[in-house]
Novice: 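Take this structure first; my questions come after.
Whatever order the structure lists ligands and atoms in, that order sets their numbers, starting from 1. Computation of the quantities below employed the complete heavy-atom set of this structure, encompassing side-chain atoms and omitting hydrogens, waters and symmetry-equivalent molecules.
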Amino acid sequence: MLAALLWDVDGTLAETERDGHRVAFNEAFEAHGLPWRWSVERYAELLRVTGGRERLLHDMATQPDAPASPAERERLVTALHAEKNRRYGQIVERGGIALRPGVQRLMREAAAQGVQLAITTTTSRVNLDALLSARLGAAWHTQFAAAVCGEDAPARKPDPQVYLRCLDALQLDADEVLAIEDSPNGLAAACAAGIATLVTRSLNFASHSFEGALAVCDDLDQPAAPSPRLRGARAARIDLALLRQWHGAWWQEPLRA
Ligand code: XBP
Ligand code: MG
């Protein structure tokens with residue numbers, strides 16, 4: 001039985017990357033007097049590395065003017081990441097990032113029907129708090145049974161740690177929840193935790209095929225294609241009744257193997 005929806009944040013709740021984190025990283029480079037700037041195209045490549053700190057460290061390896069010593073790099077990354085998060089908070093507060101279509105509708109449906117909501121994200125807690133305070137109000141956390149962030153799960157997606165920690169917090173088994181993700185690393189993390197996963201493709205992964213997903217859509221208000229394993233019809237949009245149906249079929253005994 002479906003007991004909880006586990007929401008990824010970046011790319012899933014909102015398109016935070018291109019016009020949020022990317023812009024904030026570039027502002028942080030500028031504030032530190034660094035010539036580095038991440039274009040839309042370069043940032044799309046860098047999204048293969050999950051976690052802002054990890055992304056910065058990865059990119060520094062390609063920058064000839066980055067500090068040579070590992071300790072100095074770590075110090076610079078810490079300072080840049082803090083500055084980036086501060087600026088991301090400002091972008092979000094100015095109303096720069098909206099929730100994606102259908103997100104609040106599905107959250108309300110779940111809450112009304114006793115299905116718990118939880119957060120499973122690689123992002124820092126400060127970024128989650130900024131986004132959800134701006135979009136759902138300061139008491140946003142009362143709507144969620146658990147919120148597992150980057151600080152709680154240092155092994156980044158595609159490692160399943162964030163999902164396993166969330167299952168622990170909710171005291172639920174993998175077959176009682178459904179994850180909602182937007183990226184290949186997110187899908188891989190949820191699948192590695194044994195969780196059926198709906199993919200709402202985000203800007204940076206619009207043409208990815210997402211094999212292994214329960215279903216794939218372009219946003220929650222758009223038509224969705226269920227996995228061939230479900231042998232179901234394409235749906236006009238995602239709602240809770242449909243997710244319950246697909247989730248039940250996913251875990252039917254004959255399909256398990
Ligand atoms: C999200 C991320 C995050 C954000 C920035 O991955 O990789 O790192 O880009 O957040 P996912 P921080 O959506 O798969 O969880 O800078 O706070 O890490
Ligand atoms: Mg994501």
Side-chain angles (χ1 to χ4, degrees), residues 5-29 38 40 42-60 74 76-92 96-97 99-100 103 118-133 146-166 179-193 195 197-206 208 210 213 216-220:
L5 296 182
L6 276 42
W7 296 83
D8 169 50
V9 173
D10 296 300
T12 298
L13 291 186
E15 289 284 7
T16 55
E17 297 288 9
R18 188 189 66 185
D19 303 327
H21 291 294
R22 184 187 68 91
V23 172
F25 273 119
N26 284 338
E27 288 180 7
F29 297 148
W38 286 344
V40 168
R42 175 69 183 142
Y43 195 71
E45 289 168 13
L46 287 170
L47 283 175
R48 282 202 295 267
V49 181
T50 48
R53 266 190 76 88
E54 291 76 7
R55 195 167 296 137
L56 272 170
L57 267 174
H58 171 87
D59 187 64
M60 269 189 199
E74 279 290 338
L76 182 56
V77 163
T78 300
L80 285 170
H81 193 237
E83 184 68 29
K84 184 279 281 182
N85 285 349
R86 205 172 62 74
R87 287 167 184 269
Y88 174 80
Q90 291 169 351
I91 292 170
V92 166
I97 310 280
L99 294 182
R100 291 186 67 192
V103 165
I119 296 288
T120 40
T121 179
T122 298
T123 205
S124 313
R125 188 165 291 277
V126 66
N127 297 332
L128 173 70
D129 189 43
L131 180 70
L132 292 193
S133 297
V148 186
C149 300
E151 291 89 338
D152 309 314
R156 302 293 186 225
K157 299 173 186 176
D159 191 287
Q161 189 178 61
V162 64
Y163 281 102
L164 297 175
R165 298 227 158 135
C166 189
I180 308 180
E181 275 286 356
D182 70 296
S183 70
N185 280 327
L187 174 64
C191 287
I195 297 171
T197 306
L198 168 71
V199 171
T200 59
R201 282 191 281 233
S202 59
L203 275 177
N204 291 293
F205 305 106
H208 198 87
F210 291 105
V216 180
C217 59
D218 287 331
D219 70 48
L220 299 174

Novice: Take the angle between the ring planes of W38 and Y43 and call it parallel below 30°, perpendicular above 60°, tilted in between.
Specialist: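 Tilted, since the angle between the ring planes falls between 30° and 60°.
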Novice: Any nitrogen or oxygen of G52 lying under 3.5 Å from a nitrogen or oxygen in ligand 1? Just yes or no.
Specialist: yes
Novice: Of all the heavy-atom pairs spanning A179 and Y163, show the shortest one and how long it is.
Specialist: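 Of all heavy-atom pairs spanning A179 and Y163, the closest is CB-CE2, 3.7 Å.
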Novice: Does T123 approach ligand 1 within less than 4.0 angstrom via side chain, backbone, both or neither, non-hydrogen atoms only?
Specialist: both
Novice: Of the protein's non-hydrogen atoms, which lies at the shortest distance from atom 17 (O) of ligand 1, and what is that distance?
Specialist: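 Nearest neighbour among protein heavy atoms for atom 17 (O) of ligand 1, to 0.1 Å: S124 OG, 2.5 Å.
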Novice: Identify, by atom number and element, the atoms of ligand 1 in contact range of Y43, meaning under 4.0 Å from any of its heavy atoms.
Specialist: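 Here the atoms of ligand 1 in question are 9 (O).
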Novice: Which residue and atom name correspond to the protein heavy atom nearest atom 13 (O) of ligand 1, and how close is it?
Specialist: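 Sorting protein heavy atoms by distance from atom 13 (O) of ligand 1 puts D8 OD1, 2.9 Å first.
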Novice: For atom 1 (C) of ligand 1, which of the options V9, D10, D182 provides the nearest non-hydrogen atom?
Specialist: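 Among V9, D10, D182, the closest heavy atom to atom 1 (C) of ligand 1 comes from D10.
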Novice: Could you identify the single nearest non-hydrogen protein atom to atom 7 (O) of ligand 1 and state the distance to 0.1 Å?
Specialist: R55 NH2, 2.7 Å
Novice: Closer than 4.0 Å to some heavy atom of G51 - which atoms of ligand 1 meet that?
Specialist: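 Counting from 1, the qualifying ligand atoms are 2 (C), 7 (O), 8 (O), 18 (O).
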Novice: Looking only at distances, can you tell me whether any N or O atom of K157, backbone or side chain, sits closer than 3.5 Å to an N or O atom of ligand 1?
Specialist: yes
Novice: Say whether N127, considering both its backbone and side-chain N or O atoms, lies within less than 3.5 Å of an N or O atom on ligand 1.
Specialist: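 The answer is yes, given that N127 and ligand 1 share an N or O pair closer than 3.5 Å.
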Novice: How wide is the angle at the Mg ion (ligand 2) between O in D10 and OD2 in D8, to the nearest 10°?
Specialist: 90°
Novice: Does atom CZ of R48 have more than 12 heavy-atom neighbours from other groups under 6.0 Å away?
Specialist: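 Not buried by this count: 12 neighbours or fewer within 6.0 Å.
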Novice: With backbone taken as N, CA, C and O and side chain as the heavy atoms from C-beta onward, which portion of K84 lies under 4.0 Å from ligand 1: side chain, backbone, both, or neither?
Specialist: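 K84 to ligand 1: side-chain contact only, backbone stays beyond 4.0 Å.
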Novice: Using the side chain to side chain contact (heavy atoms under 4.5 Å, CB included) rule, pick out the option among V49, V162, T50 that qualifies with R156.
Specialist: T50
Novice: Mark up the atoms of ligand 1 that fall under 4.0 Å of a heavy atom belonging to T50, in ascending order.
Specialist: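 Atoms satisfying the 4.0 Å criterion: 7 (O).
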Novice: How long is the span from the OG1 atom in T200 to the CG atom in L13, to the nearest 0.5 Å?
Specialist: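 Output value for this atom pair is 8.5 Å.
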Novice: For atom 6 (O) of ligand 1, what's the nearest protein heavy-atom neighbour? Residue, atom name and distance, please.
Specialist: T122 CB, 3.7 Å
Novice: Looking at A147, is its backbone amide N or carbonyl O close enough to the side chain of R125 to form a donor-acceptor pair, meaning the two atoms are under 3.5 Å apart?
Specialist: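 Yes: the side chain of R125 pairs with the backbone of A147.
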Novice: On a heavy-atom basis, which atom in K157 and which in T120 lie closest, and how many Å separate them?
Specialist: NZ-O, 3.0 Å
Novice: Indicate the ring-plane relationship of F205 and H208, choosing parallel, tilted or perpendicular according to the 30° and 60° boundaries.
Specialist: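 If you compare the ring of F205 with that of H208, the planes turn out perpendicular.
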Novice: Is R53 close to L80 at the side-chain level, that is, under 4.5 Å between some pair of heavy atoms?
Specialist: no
Novice: I'd like to know if the side chain of T12 reaches the main chain of D182, judged simply by a donor and an acceptor atom lying under 3.5 Å from each other, with no hydrogens or angles considered.
Specialist: yes
Novice: Tell me whether ligand 1 is touched by H81 - counting only heavy atoms on the residue side and a distance under 4.0 Å.
Specialist: yes
Novice: Among the N, O or S atoms that D182 has, which is closest to the Mg ion (ligand 2)?
Specialist: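 Sorting the N, O and S atoms of D182 by distance to the Mg ion (ligand 2) puts OD1 first.
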